[in-house]
Every structure is written in structure tokens, then in C-alpha cells.
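Input: a single structure, listed below in C-alpha cells.
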Amino acid sequence: MNRMKVGEEEKTKTYTALVWTQKAIEKEDITFINDIKDLTLDQKTPLRVLHRRTLAIRQRVIHSMNARYKDSHHFYLGLKTQAGTYIKEFVHGDFGRTKPNLCQLLKTDADILELDVESVDVDWPPPIPE
């Protein structure tokens, strides 16, 4: 069980999300998002899971982001994150409970319309010490 817990902290996940923004997306917004690396978030336990999880502030890292323009108010967002990152809350901010969030970064309201987990990356099984 200890090996699983250690792997949990080291694991990364890759997602693709369809994001809507209130303001029109510009080429500069796409470039700005693509340039962000190793962004550290402070995430309070999201409101949607607060009934089953302890209230806490968890630090999580978004290792990289990749934005692809869809139309003037939609783009695809690829994310590689530390396991345990709340993606929906990173996008819409969860009433300020996730900082920074995509709304703050883009200076507009944003919401997530679709979310797919593309991969879970962890070395398994872990090496057994001799």
C-alpha cells in the first residue's frame, strides 16, 4: 500500500478539455497558454466534493498546457498535470477556490464543456528494494 501511495504522488495525468470563454479567443491567448509550464495551483477542496472530502488546500502542478483554437469562443485544452489536480475547478475557478485558474489567466469567464482523460502515467510495478 505504501508503494501505491508513493506512486500516487509521482503520477501524472494527461487530459483534453473543450473550453468555452466569454470573450473571443485571440491568437495571443493560445500562445500565452502554450507558454505556461509547471504552474503551481492552490486548490481548496471543490464545492462539488466537499460533502465527501475534508476541507483542505492542496498544492498541485500543471506541468504543461497546449491550446488548440476551435472557434472564437471555444478551444481544446491539453493538460499534463500532477495526479489529484481538479481540472474542472482549474478552468472555472470554483468561485475563487482554485488559484490561479484559467479565468484569471485569460481575464474572462470560462467553463469546461467536455473532459477526457487521455493517459495516466506512472511507473508500475514499482521497483522492489533488494
Side-chain angles (χ1 to χ4, degrees):
M1 191 63 153
N2 286 339
R3 286 193 194 115
M4 288 180 71
K5 285 293 183 189
V6 168
E8 192 173 272
E9 287 299 312
E10 296 171 359
K11 173 170 50 177
T12 61
K13 292 185 175 182
T14 305
Y15 300 89
T16 300
L18 177 59
V19 177
W20 166 87
T21 58
Q22 185 174 31
K23 77 168 187 166
I25 296 298
E26 305 287 333
K27 182 179 178 182
E28 295 78 26
D29 296 319
I30 299 295
T31 302
F32 173 72
I33 291 169
N34 290 343
D35 287 343
I36 296 174
K37 304 287 184 252
D38 296 320
L39 179 66
T40 300
L41 310 177
D42 288 326
Q43 293 194 303
K44 286 185 183 175
T45 305
L47 293 174
R48 69 183 169 89
V49 299
L50 197 52
H51 66 281
R52 67 177 185 262
R53 296 263 168 99
T54 306
L55 177 61
I57 297 175
R58 295 169 180 86
Q59 282 199 331
R60 294 291 186 257
V61 176
I62 295 182
H63 298 291
S64 63
M65 291 190 273
N66 179 348
R68 285 184 298 127
Y69 183 87
K70 179 172 171 38
D71 62 42
S72 60
H73 291 276
H74 299 89
F75 66 95
Y76 289 102
L77 179 63
L79 298 145
K80 183 170 186 167
T81 71
Q82 179 182 4
T85 304
Y86 292 105
I87 305 304
K88 294 175 186 176
E89 287 70 19
F90 166 68
V91 172
H92 61 64
D94 199 26
F95 301 102
R97 298 170 65 82
T98 292
K99 294 180 184 174
N101 58 64
L102 199 58
C103 293
Q104 289 176 325
L105 295 171
L106 294 177
K107 298 179 177 70
T108 186
D109 286 341
D111 207 353
I112 191 165
L113 303 177
E114 297 175 7
L115 180 62
D116 293 313
V117 178
E118 301 292 339
S119 67
V120 177
D121 309 305
V122 66
D123 288 332
W124 192 260
I128 299 172
E130 294 182 22

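Everything numeric here is computed off the predicted structure, so don't read it as measured data.
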What pairs with Phe32 under side-chain contact (heavy atoms from CB on, under 4.5 Å), at least two apart in sequence or on another chain?
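With sequence neighbours excluded, Phe32 shows a side-chain contact (heavy atoms from CB on, under 4.5 Å) to Ile36, Leu105, Leu106, given in chain and number order.
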
Rounded at 0.5 Å granularity, tell me how far [atom1] in [X] sits from [atom2] in [Y].
X     : Y      : atom1 : atom2 : result
Leu18 : Glu114 : CG    : CD    : 5.0 Å
Asp42 : Arg58  : CG    : CZ    : 12.0 Å
Thr16 : Asp116 : OG1   : CG    : 6.5 Å
Gln22 : His73  : CD    : NE2   : 9.0 Å
Leu77 : Ile30  : CG    : CD1   : 9.0 Å
Thr21 : Asp29  : OG1   : CG    : 7.5 Å

Is [Y] reachable from [X] through a run of hydrophobic residues whose side-chain heavy atoms are each under 4.5 Å from the next?
X      : Y     : answer
Leu115 : Val19 : yes
Ile112 : Ile62 : yes
Val91  : Val61 : no
Trp20  : Tyr76 : yes
Ile57  : Ile87 : no

Considering all heavy atoms of both residues, which atom of [X] and which atom of [Y] are nearest to each other, and what is their separation?
X      : Y      : value
Ala67  : Asn34  : N-OD1, 2.6 Å
Ala110 : Cys103 : N-SG, 3.3 Å
Leu39  : Pro100 : CD1-CG, 3.8 Å
Lys37  : Ser64  : CD-CB, 4.2 Å
Lys11  : Val120 : CD-CG1, 3.2 Å

More than 12 heavy atoms from other groups under 6.0 Å of NZ on Lys23
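Yes, the 6.0 Å shell around NZ holds more than 12 heavy atoms from other groups.
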
So Lys44 and Asp94, do their side chains get closer than 4.5 Å, heavy atoms only?
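Side chain of Asp94 against side chain of Lys44, heavy atoms only: no contact under 4.5 Å found.
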
Do Ile33 and Phe75 come within less than 4.5 Å of each other through their side chains, counting heavy atoms only?
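A side-chain contact exists here, since the closest heavy-atom pair is under 4.5 Å.
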
For Ala56, does its backbone N or O pair with a side-chain atom of Thr45 as donor and acceptor, under 3.5 Å?
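Yes; judged by distance alone, with no hydrogens or angles, the pair exists.
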
Distance-only donor-acceptor pairs under 3.5 Å for side chains of residues 47-55, two or more places apart:
{"residue": "Arg48", "atom": "NE", "partner": "Glu89", "partner atom": "OE2", "Å": "2.6"}
{"residue": "Arg48", "atom": "NH2", "partner": "Glu89", "partner atom": "OE1", "Å": "3.3"}
{"residue": "Arg53", "atom": "NH1", "partner": "Tyr86", "partner atom": "OH", "Å": "2.8"}

Side chain to side chain contact (heavy atoms under 4.5 Å, CB included) for Leu79 and Phe90? Distances and angles first, verdict last.
CA-CA 11 Å; Leu79 298 145; Phe90 166 68; 4.2 Å; yes

Less than 3.5 Å apart, any donor N or O on the side chain of Gln59 or Thr40 sitting next to an acceptor on the other?
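No donor-acceptor contact under 3.5 Å links the two side chains.
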
